[in-house]
Number of protein chains: 2
Amino acid sequence: MEENKDITIYDIASKLNLATSTISRALKDHHSISEKTIKKVKKTAEEMGYVPNTLAAGLRGNKTKTIGVLIPTVTQPFLSSLISGIEITAQKSGYNVIIMQSNDSYEAEVSMAKSLYGSRVSGVICSLAMKTTDTSHFQQFVSNNIPLVFVDRVPKEFNTFRVIIDNYAAGFKATEHLIEQGCTRIGHLTAGSKFGNLYTERMRGYLDALKKHNLSESKELIVDLQTVTYTEGVKASNKLLSLKTPPDGIFASGDIMAVSAIQSAKKKGMRVPEDIAIIGFNNDPISEIIDPNLSTITHPAAKMGQISAEIILKNIKSPKKEDVKEITFLNTEVLIRESSKRK
Amino acid sequence: MEENKDITIYDIASKLNLATSTISRALKDHHSISEKTIKKVKKTAEEMGYVPNTLAAGLRGNKTKTIGVLIPTVTQPFLSSLISGIEITAQKSGYNVIIMQSNDSYEAEVSMAKSLYGSRVSGVICSLAMKTTDTSHFQQFVSNNIPLVFVDRVPKEFNTFRVIIDNYAAGFKATEHLIEQGCTRIGHLTAGSKFGNLYTERMRGYLDALKKHNLSESKELIVDLQTVTYTEGVKASNKLLSLKTPPDGIFASGDIMAVSAIQSAKKKGMRVPEDIAIIGFNNDPISEIIDPNLSTITHPAAKMGQISAEIILKNIKSPKKEDVKEITFLNTEVLIRESSKRK
DNA sequence: TTGTATGCGTTATCAG
DNA sequence: CTGATAACGCATACAA
């Protein structure tokens with residue numbers, strides 16, 4: 001059985017009759033080392049099968065070339081695309097990504113934040129758990145100059161980098177689009193609204209759009225899901241569609257909800273978009289597949305991941321920062337497809 | 001500006017007039033430390049805001065309590081569920097998960113394997129890149145007793161743990177199901193078959209099922225996608241449906257392909273399942289949403305993740321192993337929904 | 001351009 | 001039950 005004892009720079013040094021510091025420098029192309037030595041060192045390192053121990057390097061420099069990602073779950077299309085964007089960007093700069101799922105639990109988030117801190121990540125990207133209201137567990141990163149970026153589901157009052165879309169404006173645009181299609185009684189599917197999150201913002205946009213166009217709002221037209229699942233969505237949709245006067249349009253705060261609305265409407269014999277126009281949110285893959293194709297609001301997940309990672313990387317380089325942390329807004333667009341197009 | 005210098009066990013030790021070794025032990029409930037001391041240490045550690053530096057611990061013990069996950073991408077539903085299963089299981093045992101996406105590139109996979117090794121992960125779970133044929137870059141883990149589990153897309157000849165489904169049997173079952181529904185001319189959508197991967201196995205099952213039931217196979221009935229995307233699927237489906245004698249059934253090796261087949265068929269005015277019965281593979285979320293609901297083969301992603309993680313954890317504990325690495329087969333089932341149900 | 005020496009924070013060994 | 005000390009592998013300040 002071949003028990004490869006790990007090769008260290010010390011092994012290379014003794015083989016080459018050089019000092020470990022020379023090896024260390026040569027391996028990272030330090031300018032003060034001669035071309036010749038660098039070449040020689042790299043060659044034998046390769047030959048001996050040297051693999052740098054990033055733990056040791058990390059301990060030494062108190063930096064690890066890993067970015068911690070703390071999100072509710074990896075299985076939602078938006079979030080897995082976000083991760084993908086982060087991971088690709090990080091990888092390009094030689095950074096790794098460590099992932100933790102809070103499953104929307106506040107307690108899990110607190111403990112994971114601590115764990116991330118313990119592994120000395122170089123930066124943290126977080127999308128808050130649904131249940132999180134207090135964010136003091138993120139203070140440790142700020143206090144220690146570890147770049148912190150909140151993305152998508154962000155706290156209101158925490159002074160750090162944030163990468164978001166304008167949910168209010170998006171909700172407004174979506175609703176206004178329905179109005180332009182001739183809808184006058186527009187329902188709204190939302191979720192976890194009591195936590196004052198991004199869904200609330202979208203709803204604000206919805207309400208203001210109604211107001212602007214002199215459409216009366218009504219409590220019965222707004223259904224608040226506990227969890228964003230297809231079956232919950234179906235239940236909520238049916239509630240909406242079973243009203244004495246059902247809506248002639250629905251703005252759903254997520255594509256899954258929108259899709260369940262489409263299916264429920266079809267099952268009830270209603271035509272989409274003729275009898276009821278529907279628009280979702282996120283531009284999940286399914287929106288292009290469902291029949292009729294779902295109109296939706298674009299939500300640039302991978303791009304948000306990329307930008308978040310870039311902010312982290314930039315701020316690792318220049319640790320000392322003024323106390324100004326910008327908020328990056330990404331554009332969203334109304335993507336008009338079949339489910340809402342009447343004209 | 002509050003510059004929290006990190007609290008170390010040394011700080012706790014000097015505050016309490018104890019040795020660092022005592023602190024270290026107390027913190028992990030070592031039996032040789034008095035209850036009283038343990039309590040005292042833990043209390044002041046808490047008060048001082050001590051966060052253990054896992055890097056240092058890792059360097060010392062050459063083990064890191066992290067599991068490396070190397071997969072083609074995180075955005076496929078099967079893989080994100082796999083990750084989720086891994087992450088949850090790992091977290092329960094206090095392990096973290098570090099993720100890398102090969103994007104189906106062999107070169108990326110090689111480099112990432114090296115990087116994982118460099119960060120001294122305690123174990124590795126991998127689903128091979130589509131393009132990978134040679135797997136020698138995983139030898140380093142085996143040689144150093146780092147548990148390695150291949151999952152789903154696994155190499156044929158590598159002697160290590162494997163967690164898979166019986167793709168051959170599943171392909172056979174799927175095809176036979178269509179035959180039982182009365183299909184006599186069954187098309188097949190597959191992908192990247194030249195790399196001798198799991199798709200090939202499913203196709204073998206398909207072919208053998210045809211043979212068993214005396215149905216003739218035909219080259220024109222098998223379409224091989226380069227990449228598994230919806231649009232590619234539509235192209236492939238149309239090829240199949242435009243044959244002089246189109247098939248009356250399709251077994252697609254993935255749900256995305258199956259869904260594109262359904263949509264293409266509907267667009268051509270064919271009824272599903274009456275004119276053409278369709279079955280997919282994976283039981284992706286979309287299969288329950290598409291109209292008609294897609295029959296499919298279950299593919300227990302989260303469970304496979306969980307089991308893979310459990311194997312890793314078990315084998316970290318008892319490092320020395322006989323040279324026997326079991327292959328774990330998970331059950332798949334034919335999930336009959338609307339798209340294939342004729343009787 | 002290269003070498004020497006030290007410390008990062010923890011744990012394990014050995015001693016008391 | 002507790003303490004002193006070495007070691008993990010690397011990177012840097014300082015020296016040559």
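Chain naming here is simple, since letters A, B, ... match the order of the sequence lines and numbering starts at 1 in each.
Nucleic acid contact for A:Asn17: sugar-phosphate only, since backbone atoms but no base atoms lie under 4.0 Å from a heavy atom of the residue. The residue A:Leu18 sits close only to the backbone: its heavy atoms come under 4.0 Å of sugar-phosphate atoms, none of a base. Across all strands, A:Asn53 comes closer than 4.0 Å only to sugar-phosphate atoms, never to a base (heavy-atom distances).
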Please enumerate all protein N or O atoms sitting under 3.5 Å from an N or O of nucleotides 12-16 of chain C, with distances to 0.1 Å.
residue: C:dA12; atom: O4'; partner: B:Arg60; partner atom: NH2; Å: 3.2
residue: C:dT13; atom: O4; partner: B:Arg25; partner atom: NH2; Å: 2.8

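By the salt bridge (Lys or Arg N to Asp or Glu O under 4.0 Å) test, A:Lys28 is found to be paired with no residue, residues two or more places apart in sequence or in another chain being considered. When the ring pair (Phe, Tyr, Trp, His ring centres under 6.0 Å) test is applied to A:Phe150, the partners found at least two apart in sequence or on another chain are A:Phe138, A:Phe158. Taking the side chain to side chain donor-acceptor pair (under 3.5 Å) definition, one finds that A:Thr75 meets it with A:Thr73, sequence neighbours left out. Annotation: ring pair (Phe, Tyr, Trp, His ring centres under 6.0 Å) contacts of B:Tyr95 (sequence neighbours excluded): none. Looking at residues two or more places apart in sequence or on another chain, you find no side chain to side chain donor-acceptor pair (under 3.5 Å) involving A:Ser93. Under the salt bridge (Lys or Arg N to Asp or Glu O under 4.0 Å) criterion, B:Lys39 pairs with no residue, sequence neighbours left out. Partners of A:Ser84 under the side chain to side chain donor-acceptor pair (under 3.5 Å) rule, at least two apart in sequence or in another chain, are B:Gln101.
The outermost nucleotides of DNA chain D lying under 4.0 Å from heavy atoms of chain B, listed 5' to 3', are D:dC1 to D:dG9.
A salt bridge does not link B:Arg162 to B:Asp152: none of the charged nitrogens lies less than 4.0 Å from a carboxylate oxygen.
Within residues 29-42 of chain B, no residue has any heavy atom closer than 4.0 Å to DNA chain C.
Atom-to-atom, OH of A:Tyr10 to P of C:dG3 comes out at 13 Å; the value is rounded to the nearest Å.
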For residues 104-114 of chain B, run the donor-acceptor check on the side chains, cut-off 3.5 Å, and write out each pair with its distance to 0.1 Å, sequence neighbours left out.
residue: B:Asp104; atom: OD1; partner: B:Met130; partner atom: N; Å: 2.6
residue: B:Asp104; atom: OD1; partner: B:Arg153; partner atom: NH1; Å: 2.9
residue: B:Ser105; atom: OG; partner: B:Glu107; partner atom: N; Å: 3.3
residue: B:Ser105; atom: OG; partner: B:Ala108; partner atom: N; Å: 3.0
residue: B:Tyr106; atom: OH; partner: B:Asp134; partner atom: OD2; Å: 3.4
residue: B:Glu109; atom: OE1; partner: B:Thr132; partner atom: OG1; Å: 2.9
residue: B:Glu109; atom: OE1; partner: B:His137; partner atom: NE2; Å: 2.8
residue: B:Glu109; atom: OE2; partner: B:Ala129; partner atom: N; Å: 2.8
residue: B:Glu109; atom: OE2; partner: B:Thr132; partner atom: OG1; Å: 3.4

Less than 3.5 Å apart, which donor and acceptor atoms pair up between the side chains of residues 49-58 of chain A and the rest of the protein, not counting sequence neighbours?
residue: A:Asn53; atom: OD1; partner: A:Leu55; partner atom: N; Å: 2.8
residue: A:Asn53; atom: OD1; partner: A:Ala56; partner atom: N; Å: 3.2
residue: A:Thr54; atom: OG1; partner: B:Gly118; partner atom: O; Å: 2.9
residue: A:Thr54; atom: OG1; partner: B:Ser119; partner atom: N; Å: 3.4

